[in-house]
Amino acid sequence: MTVRILLADDQPLVRSGLRVLIADHPDLDVVGEAATGSEAARLVGELGPDVVVMDIRMPGMDGIEATRRITAGAATTRVLVLTTFDEDDHVYGALRAGASGFVVKDMALDDILAAIRVVAAGDALIAPSVTRRLIADFVRRPGTASERSPRPIEGITEREREVLTLVGRGRSNTEIAQDLFITVATAKSHVSRLLTKLGARDRVQLVISAYEMGLVTLPR
C-alpha cells in the first residue's frame, strides 16, 4: 500500500528536499504541499493524506494548532511533527495536539522515512532524543489526571491491563510478546483492542493513558 503524504513546512527548500527524497521510494507518495498551518489543515480535508509531515514554526497558524485541527477532524490522517526544535514545550504541545510522532530534522534521512512508515501503519514514534521522561512530565502538567488521582480502569481484561502496562514502559509488540509468552500477533491484537476501548488514536496516547491510570511509575 502506498503511503500518501502531505508536506507542511514554510521553507520551500525543506519541502523540495523531502519530496526528492520520498520520490525514490515507491511505497511513499507526496500528494500535496503546504506553507502554513491553515493551508495544511485545508489540504487534509481536500486530499485526505495518510500522514502529514508537519513543521512546528510556520507563519500564521503554527504546526501545533494545525495538528490539533487535523486530528480533531480527520479520523485517518496522522501527523508526524518534523522540526529543528526538540525543546520539551514543543514535544508537549505536539503530544497534546494529537501528533502520532515527533522527530527532528537532523535525524538521518532513512530514519525520517522510517518514521513516516511507522506513523502511517498506525503506530507512534518519538525521536530517540525525546525520552519517556518527557511523556511522564507531560502527564504531570496541568490538565492531566496523574497529579490528582489515577484514572479508574474499566472495561479492559487483566491481560489487556498487563499489555497496557508494558506499552507504557515503551515495549514494542515483539517485546510484549516475549514478556508475556504470547505471539506477536496476539500482542498486536491486544494493543488494537486497547486503542478501541480507550478511544486512543495511537501508541503515544496509550502510553499517556498508562501513566494516567497509575500503571507506570513516574520517574523521580
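FYI, side chains are in, hydrogens and waters are out, and symmetry mates aren't considered; it's all heavy atoms of this structure.
- With values rounded to the nearest 0.5 angstrom, Leu164 atom CG is found 6.5 Å from Ser209 atom OG.
- Taking the side chain as every heavy atom from C-beta outward, Val3 and Asp29 never approach each other to under 4.5 Å.
- Arg69 places no side-chain N or O within 3.5 Å of a backbone atom of Ala41 that could act as its donor or acceptor partner.
- Here the CG atom belonging to Leu109 is positioned 8.0 Å from the CG atom belonging to Leu18, to the nearest 0.5 angstrom.
- Put simply, the side chain of Glu160 gets close to the backbone of Thr157: a donor and an acceptor are under 3.5 Å apart.
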**Asked** After noting the C-alpha distance and the side-chain angles of Thr186 and Thr183, does the key distance pass the side-chain hydrogen bond (donor to acceptor under 3.5 Å, both in side chains) rule?
**Response** CA-CA 5 Å; Thr186 299; Thr183 67; 2.8 Å; yes
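- The shortest distance between side-chain heavy atoms of Asp55 and Leu82 does not fall below 4.5 Å.
- Residues Ala210 and Gly168 come closest through the heavy atom pair CB-CA, 3.7 Å.
- Pairing each heavy atom of Arg78 with each of Ser100, the nearest pair is NH1-OG, 3.6 Å.
- Here the closest non-hydrogen pair linking Gly37 and Ala66 is O-CB, 3.5 Å.
- Counting all heavy atoms, side chain and backbone alike, Ala35 lies closest to Pro59 at O-CD, 4.0 Å.
- Considering all non-hydrogen atoms of both residues, Leu80 and Ile112 come closest at CD2-O, 4.4 Å.
- Side-chain atoms of Leu180 and Glu162, non-hydrogen and from C-beta on, do get closer than 4.5 Å to each other.
- Salt-bridge annotation for Asp27 and Arg117: present, with a side-chain N of the basic residue lying under 4.0 Å from a carboxylate O of the acidic one.
- Placement of Leu7 and Leu113 within a single hydrophobic cluster is found when ILVMFWY residues are connected by side-chain heavy-atom separations under 4.5 Å, directly or transitively.
- Residues Val53 and Leu6 form no side-chain contact, since every pair of their non-hydrogen atoms from C-beta on lies 4.5 Å or further apart.
- Linking Ile, Leu, Val, Met, Phe, Trp and Tyr residues whenever their side-chain heavy atoms come within less than 4.5 Å places Ile156 and Leu166 in a single cluster.
- Between the side chain of Ser192 and the backbone N or O of Lys188 there is at least one donor-acceptor pair closer than 3.5 Å.
- Hydrophobic clustering, with ILVMFWY side chains joined whenever heavy atoms are under 4.5 angstrom apart, groups Leu47 together with Met58.
- Contact check for Asp50 versus Thr76: no side-chain heavy atoms found under the 4.5 Å cut-off.
- Using modelled atom types, no side-chain atom of Glu65 and backbone atom of Met61 make a donor-acceptor pair closer than 3.5 Å.
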**Prompt:** Met54 and Ile70: side chain to side chain contact (heavy atoms under 4.5 Å, CB included), yes or no, with the steps?
**Reply:** CA-CA 11 Å; Met54 180 79 73; Ile70 289 168; 3.6 Å; yes
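- In this structure, His190 and Ile182 have side chains that are in contact, with non-hydrogen atoms separated by less than 4.5 Å.
- Shown here for Gly98 and Thr71, the closest heavy-atom pair between the two residues is O-CG2, 3.4 Å.
- Leu195 is connected to Val163 through a chain of hydrophobic side-chain contacts under 4.5 Å among Ile, Leu, Val, Met, Phe, Trp and Tyr, so both are in one cluster.
- You'll find the side chain of Ile5 reaches within 4.5 Å of the side chain of Ile22, heavy atoms only.
- Looking at residues two or more places apart in sequence or on another chain, you find a side chain to side chain contact (heavy atoms under 4.5 Å, CB included) between Val184 and Asn173, Thr174, Ala177.
- In this structure the side chain of Val103 never reaches within 4.5 angstrom of the side chain of Val81, judged on heavy atoms.
- Rounded to the nearest 0.5 angstrom, Leu21 CG and Ser16 OG are separated by 11.0 Å.
- For Thr77 (side chain) and Pro49 (main-chain N/O), a donor-acceptor pair under 3.5 Å exists by modelled atom type.
- Panel note: side chain Arg57, backbone Asp62; no donor-acceptor pair is recorded below 3.5 Å.
- The distance from atom CD1 of Ile64 to atom CD1 of Ile56, rounded to the nearest 0.5 Å, is 4.5 Å.
- Looking at Thr165, its side chain does come within 3.5 Å of a backbone N or O of Arg161 through a donor-acceptor pair.
- By the neighbour-count criterion of 12 heavy atoms within 6.0 Å, atom CG of Asp24 is densely surrounded, having more than that number from other residues, nucleotides or ligands.
- Both Val31 and Val79 are assigned to one and the same hydrophobic cluster, defined by single-linkage of ILVMFWY side chains at heavy-atom distances under 4.5 Å.
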**Request:** Verify side chain to side chain contact (heavy atoms under 4.5 Å, CB included) between Val52 and Val44, making sure each step is shown before the conclusion.
**Result:** CA-CA 8 Å; Val52 179; Val44 165; 3.6 Å; yes
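- Under the rule for a side chain to side chain donor-acceptor pair (under 3.5 Å), the partners of Glu46 that lie at least two apart in sequence or sit in another chain are Arg42.
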